[in-house]
Each structure stands twice: as structure tokens, then as C-alpha cells.
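This one's a predicted model, so the numbers in the text were calculated from it and none came from an experiment. Just so you know, these numbers use all the heavy atoms, side chains as well, and skip hydrogens, waters and symmetry mates.
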Amino acid sequence: MPASLQGKVALVTGSSSGIGAATARAFAAEGAAVVVNSASSVEAGQALAAELPGASYVQADIADAEQARDLVARAVENHGRLDILVNNAGTTQVIAHPDLEAASPDVWRRILDVNVIGTWQVTVAAVPHLRAGGDGAVVNVSSVAGHSTRGSSIPYATSKAAVSHMTELLANVLGPEIRVNAVAPGLVDTPWTADWDVVREFVRAMAPMQRSGTPEDIAHVILGLVTARYVTGEIVKVDGGLHLR
């Protein structure tokens, strides 16, 4: 069977580790040329790009409007086109939900700047290039925190609710040339969550799948959404069924 993404170019933001890195590897395995990105983990991003055939690395902080535009421009400059965008870059701060004072305006601004405004900025810059190919695909990485009363903090959960709704709004206006979907992961074993042992035990006890997710679990769904040519405007929960409990 031929590679499903042969000849395609994919930009994956925040892809030096975790879900982003797993997604970059999954796309490369299907024949895509991948643009790896990070705001700060330059060596890790460069190492991943060197590992993947035809890949490149671009450092950019998507919260900065100029850097977000430059990220897309350099991706197209390096590879001649852009077919797929995965908005994976994000940030959080662990704050107990009842601790309202700790969720200061500065915390809100930092989280929204990356998770919501950054996602918007990269997408807007990418749209002309995604549209040019006639079969563009955007997948946003949201979270089940945006659809429940859980999450690392109220600002984070709110930001992901915004990402999910943005996904639906963009899908409504960008078809038929561009499909826009999102994944909403539950707990995933990444460097971010390495010390979240209490949460991990809760997930193992409660979720039908009786385990937390892996980056590869999420990457598999992202790949499926990119290749599902009649699906747009969907937010797919990937939490081992925890939302059922």
C-alpha cells in the first residue's frame, strides 16, 4: 500500500517532544515532509528533524504574531507548499480550580496567548497555502479539559474550550478546500505530565481502557483526521473513555 501522505508537506507546531513529536514521526512514516517547530527546545527539534526524511526545523514562538507568520513562510520556502497544519503547541500552569487568586490576569494572558491566539495566528497565515492545494487539513490539539470541569487550571480549560469552538467555526468557513478538526486528549504520558501520578492512578481506576494515553495514541487519531476526506468540524475525544464515567 502506498504511503498516504506521499508528496504532502505538514507543519506540526510544538513538535520537539510528546504528542507533536509522535505526530511528526507518524506523518513522516506516511511519506510527508514535516516541518518541526518549537519555541525553545531547539536541539530536540533539530534532532527530530534530522531523524525524519525530508524534514526541516523552524524555531518560532507562535504567541508572537511576526514569528507565527514567519514560521509558515519558512515552511513554504523550505518545501514549496503546505498541505497539513497541526496546531499542537500549547502551554499550561497547574492551579487548583478553587484557588481563584492564583489564576492571575498574567496567567490568563500567557495561556491564551499561546493556546488560542497563537493557534489562530498560525492558522490564518497558513490558510492561503492550505487552500492552494485544494485539499488542506488542519487538526487542532484541544483537550477534554475544554469539555468538562477537570483540567490543570481554569485558564487552561477555558483556552481549550475556545480551541474546540474555533475548530467548528473555522470548519464552517474554510470548506471545501480546507477541512478543520480537533482531537481532545485526556491524560497523556508526556514530559508535561511525568509527575502527575495521582491523576494517572485516577485515570487507570476510572477509564474503561484502564490506562493513560501515549503520544502515539493521539498521533494515530490526528493522522486519521488528516486522511479522512469527508470529515470536518469534529472534536474527537481521545481519553480511553474516561468522559463516559
Subject >> Chi angles and distances behind the side chain to side chain contact (heavy atoms under 4.5 Å, CB included) call for Leu85, Val72 >> reply: CA-CA 10 Å; Leu85 170 63; Val72 173; 6.0 Å; no
Run the side chain to side chain contact (heavy atoms under 4.5 Å, CB included) check on Asn115 and Thr91 step by step: do they pass?
CA-CA 7 Å; Asn115 296 1; Thr91 190; 3.9 Å; yes
With a 4.5 Å cut-off on side-chain heavy-atom distances among I, L, V, M, F, W and Y, is there a chain of contacts connecting Val124 to Met166? yes
Worksheet item: Ion pair present between Arg110 and Asp113, side-chain N to carboxylate O less than 4.0 angstrom?
Response: no
| Side chain Ser104, main chain Val107, donor-acceptor under 3.5 Å | yes
Here the gap from Lys160 atom NZ to Ile235 atom CD1, rounded to the nearest 0.5 Å, amounts to 12.5 Å
Is the number of heavy atoms from other residues, nucleotides or ligands under 6.0 Å of His147 NE2 greater than 12? yes
dist Ile222:CD1 -> Asn181:CG (nearest 0.5 Å) comes out at 11.0 Å
Original post:
Quick one: does Ser212's side chain have a donor or acceptor within less than 3.5 Å of a partner on Arg200's backbone?
Top reply: no
Checklist entry - Quick check: are there more than 12 heavy atoms from other residues, nucleotides or ligands sitting under 6.0 Å from CH2 of Trp108? => result yes
Closest non-hydrogen contact found for Ala26 with Ala219 is CB-CB, 4.3 Å
Open item on the list: When you group the ILVMFWY residues by side-chain heavy-atom contacts below 4.5 Å and let the links chain together, are Val76 and Leu174 in the same group?
Closed with: yes
- Can Val9 be reached from Val127 by stepping across I, L, V, M, F, W or Y side chains whose heavy atoms are under 4.5 Å apart? yes
Q.
Keeping Arg150 on the side-chain end and Gly186 on the backbone end, is there a donor-acceptor pair under 3.5 Å?
A. no
Could you tell me if His79 and Ser56 have a donor-acceptor pair between their side chains, going purely by distance under 3.5 Å?
yes
Between the CG atom in Leu71 and the CD atom in Glu66, the distance rounded to the nearest 0.5 Å is 12.5 Å
- Task: Answer yes when Arg25 and Glu51 have at least one side-chain N-carboxylate O distance shorter than 4.0 Å, and no when they do not.
- Result: yes
Using a 4.5 Å side-chain heavy-atom cut-off and chaining through intermediate ILVMFWY residues, the residues clustered with Val199 come out as Val94, Leu187, Trp196, Phe202, Val203, Met206, Leu242
One should read off an interatomic distance between Ser152 OG and Ile111 CD1, to the nearest 0.5 angstrom, of 6.5 Å
Scan side-chain atoms only and decide if Thr123 and Asn87 contain a donor-acceptor pair under the 3.5 Å cut-off.
yes
Between Leu48 and Ser15, the two heavy atoms sitting closest are CD2-O, 3.0 Å
All heavy atoms of Gln59 vs all of Ala39, minimum pair found to be NE2-O, 3.0 Å
**Asked** Are Arg211 and Asp217 ion-paired here, with the side-chain N under 4.0 Å from a carboxylate O?
**Response** yes
Q) Is a side-chain donor or acceptor of Gln67 paired with a backbone partner of Ile62 at a separation under 3.5 angstrom? A) no
Backbone N or O of Thr190 within a donor-acceptor pair of the Thr193 side chain at under 3.5 Å? yes
Exactly one of Thr23, Val141, Asn140, Leu11 clears side chain to side chain contact (heavy atoms under 4.5 Å, CB included) with Asn88, and that residue is Val141
Heavy atoms of Ala162 and Val116 approach each other most closely as CB-CG2, 3.9 Å
For Tyr156, the other hydrophobic cluster members (4.5 Å side-chain criterion, sorted by chain and number) are none
CG (Leu244) and CG (Asp239) are apart, to the nearest 0.5 Å, by 7.0 Å
One should read off an interatomic distance between Thr167 OG1 and Glu234 CD, to the nearest 0.5 angstrom, of 10.5 Å
| task | Check the hydrophobic clustering (I, L, V, M, F, W, Y; side-chain heavy atoms under 4.5 Å; chains of links allowed) and say if Val36 and Val114 are grouped together. | result | no
Using atom types as modelled and distance alone, determine if a side-chain donor or acceptor of His97 lies under 3.5 Å from a backbone N or O of Gly151.
-> yes
### Task
Identify whether the distance between the nearest side-chain nitrogen and carboxylate oxygen of Glu201 and Arg204 falls below 4.0 Å.
yes
Of all heavy-atom pairs linking Leu82 and Ala10, the shortest is CD1-C, 4.3 Å
**OP:** Check whether any side-chain N or O of Thr232 sits under 3.5 Å from a backbone N or O of Val180 as a donor-acceptor pair, and report yes or no.
**Re:** yes
Looking only at heavy atoms, the pair that brings Val34 and Ala28 closest together is CG2-N, 3.9 Å
| Would a hydrophobic clustering, with Ile, Leu, Val, Met, Phe, Trp and Tyr connected at side-chain separations under 4.5 Å, put Val163 with Val236? | no
Margin query: Check whether Asn78 reaches the backbone of Arg74 with its side chain - one donor and one acceptor, N or O, closer than 3.5 Å.
Written below: yes
| message | Quick one about Ser4 and Thr227 (side-chain donor to acceptor, distance below 3.5 Å, no hydrogens or angles considered), yes or no? | response | no
**Q.** His165 atom NE2, neighbour heavy-atom count above 12 within 6.0 Å
**A.** no
Inset, instruction - Apply the test side chain to side chain contact (heavy atoms under 4.5 Å, CB included) to residues Asp135 and Asp83: give CA-CA distance (whole Å), side-chain angles for both, the deciding distance (0.1 Å), then the verdict. - result: CA-CA 7 Å; Asp135 185 30; Asp83 305 282; over 6 Å; no
(request) Evaluate the side chain to side chain contact (heavy atoms under 4.5 Å, CB included) criterion for residues Leu5 and Val226: first the C-alpha distance (whole Å), next the side-chain angles of each, then the deciding distance (0.1 Å), finally the verdict. (result) CA-CA 9 Å; Leu5 299 181; Val226 164; 4.1 Å; yes
* Okay, side chain of Ser16, backbone of Ala44: is any donor-acceptor separation there less than 3.5 Å? -> no
